[in-house]
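First comes the structure, then the notes that go with it.
Counting starts at 1 for both ligands and their atoms, following the listed order. In this text the structure is predicted, and so the values were computed from the model without any measurement.
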Amino acid sequence: MQKGERVNFGSKIGAILAAAGSAVGLGNIWRFPYETGNHGGAAFILIYLACVFLLGMPIMIAEFTIGRRSKASTGGAYKALAPGTPWKWVGYMGVLAGFLILGYYAVVAGWTLEYILEAGVNGFSGKGPDEFVAAFQDFSSDPFRPMLWLVVFLLGTHFIIVKGVKNGIERSSKILMPVLFILIVILAVCSMTLPNAEKGLAFLLKPDFSKVTGDVFLGAMGQAFFSLSLGMGCLSTYASYFGKETNLVNTALSVGVIDTFVAVLAGLIIFPAAFSVGIQPDAGPSLIFITLPNVFQQAFGGVPLLAYIFSVMFYVLLALAALTSTISLHEVATAFLHEDFGFTRGRAARLVTAGCIIIGIFSSLSLGVMQEYTLFGKGVFDLLDFVTAKIMLPLGGLLSSIFVGWYLKRSVFYEEVTNGGTLKAGVCRLCLFLLRYVAPIAITLIFVNELGLM
Ligand code: PHE
């Protein structure tokens with residue numbers, strides 16, 4: 001495809017909302033509150049903020065530079081900027097990571113649809129804690145139902161992707177993101193006005209520095225990468241659709257602020273509601289799919305209509321947040337197949353959707369009937385999560401910071417960040433310093449830690 005014919009996002013705000021849509025997802029609403037709760041509350045949030053702004057932001061700017069400069073999908077971007085070098089493998093790894101993440105992320109995204117339905121038919125009403133545990137276990141290990149929802153979710157994602165960059169990704173982000181903000185603010189306000197909500201607020205916001213260990217730093221950095229969609233070229237693919245007037249630094253800052261804001265609000269929904277009924281926040285999927293339905297019933301037990309509305313809204317929120325992220329994951333592989341293999345966009349999207357359905361089926365089954373089939377002690381679902389989030393993303397982030405910090409010509413970086421000299425260059429030096437030294441060292445630490453080498 002010629003550079004000139006390539007589609008762009010129609011507006012700056014469209015670009016910001018699309019990138020923010022990628023960043024805001026299950027990582028914010030499920031993972032962030034739990035990590036925060038277990039790592040000393042406000043102390044973790046402070047470290048997380050440092051990670052987002054000192055590491056996440058420069059790497060996001062690096063990915064934006066790679067994408068907009070090359071005007072190519074992640075797979076083609078490194079080939080265009082570093083022809084004839086092995087750097088192209090960083091792009092290929094990103095495409096593979098996106099494909100694999102989608103293969104299990106869509107399973108959890110599918111669960112949100114089941115829970116919207118359950119909440120919608122008032123199925124949570126009158127259930128006790130044990131029944132919620134049993135219901136989740138029965139559902140997630142069922143051989144058919146989760147797969148049905150997985151397929152529905154991926155087809156929804158597919159439908160938006162085939163509509164294209166402007167009419168699909170940009171338009172859906174412009175609608176979904178504001179709805180998501182409204183829902184999350186309403187839910188947070190409701191949750192914070194529950195009796196005893198202040199205990200939850202204290203748990204989330206009162207710094208407990210005695211809990212700050214090396215592990216907390218590394219946990220905060222890992223969370224920042226996953227949550228900001230960094231390390232696999234998702235944002236570089238989106239940046240390839242940025243117009244030449246898009247300010248990369250401002251866009252990155254907006255995405256960082258929106259992502260952090262949503263994560264903190266998610267904490268403000270979950271903890272006050274949980275503490276209000278004396279439930280300890282639990283880990284992993286159970287917090288969202290077992291503990292929370294129970295919390296909603298108990299917290300608003302006196303007013304069944306409120307419990308009903310709160311539950312439906314929460315799962316709709318979760319599904320929308322997951323959808324804007326699955327769109328971005330799908331786009332990475334679709335754009336690659338479309339641009340590098342010459343498939344039509346529709347055909348490329350069909351291949352990605354079909355491939356993800358197959359991987360998704362195996363990851364879903366690995367939580368039920370295929371539980372015994374493991375590799376390195378992990379089923380498909382856990383293995384995909386481990387290999388992508390804990391190996392491929394840190395490696396991708398590390399390599400992209402080295403690529404822009406050390407390989408790419410400084411003038412190219414300056415040109416992109418200042419939009420050809422029309423914006424102030426002050427931030428470039430700071431950004432380059434962070435990319436050259438701070439980011440590679442910090443990511444190496446996360447990487448080594450998560451592989452259990454330290
Ligand atoms: N950032 C998304 C979330 O928080 C997950 C994601 C990771 C999306 C990597 C795209 C790429 O849920």
Q. Are the aromatic rings of Y373 and F362 close, with centres under 6.0 Å apart?
A. no
Q: Run the numbers for me: atoms of ligand 1, each under 4.0 Å from some heavy atom of L329, listed by number.
A: 10 (C), 11 (C)
Q: Check whether the ring centres of F136 and W111 lie less than 6.0 Å apart, and answer yes or no.
A: yes
Q.
Closer than 4.0 Å to some heavy atom of N28 - which atoms of ligand 1 meet that?
A. 4 (O)
Q: For ligand 1, find out whether one of its N or O atoms is nearer than 3.5 Å to an N or O atom of A23.
A: yes
Q) Would I443 and I59 count as a side-chain contact (heavy atoms from CB on, under 4.5 Å) if you check the C-alpha gap in whole Å, the side-chain angles of each, and the deciding distance to 0.1 Å? A) CA-CA 11 Å; I443 300 167; I59 291 182; 3.4 Å; yes
Q: Heavy-atom contacts with S227 under 4.0 Å: which atoms of ligand 1 show up? List them by number with element.
A: 1 (N), 4 (O)
Q. Do F124 and F132 have their ring centres less than 6.0 Å from each other?
A. yes
(Q) Taking ring pair (Phe, Tyr, Trp, His ring centres under 6.0 Å) as the criterion, tell me which of Y241, F413, F242 meets it with F64. (A) F242
Q: Could you tell me whether some N/O pair between M232 and ligand 1 is separated by less than 3.5 angstrom?
A: no
Q.
Salt bridge check, K378 against D385: does any charged N sit closer than 4.0 Å to a carboxylate O?
A. no
Q.
Would you say the rings of F139 and F289 are close, in the sense that their centroids are separated by under 6.0 Å?
A. no
Q. Should S328 be counted as touching ligand 1, given the test is an N or O pair under 3.5 Å?
A. no
Q. So which heavy atom in the protein is nearest atom 8 (C) of ligand 1, and how far is it from that ligand atom?
A. S229 OG, 3.3 Å
(Q) Taking distance alone, with N or O pairs closer than 3.5 Å, would you say F226 contacts ligand 1? (A) yes
**Q.** Option of least heavy-atom distance to atom 2 (C) of ligand 1 (set: G27, A322, S22)
**A.** S22
Q: Identify, for atom 12 (O) of ligand 1, the protein heavy atom at the shortest distance, and state residue, atom and that distance.
A: Y105 OH, 2.4 Å
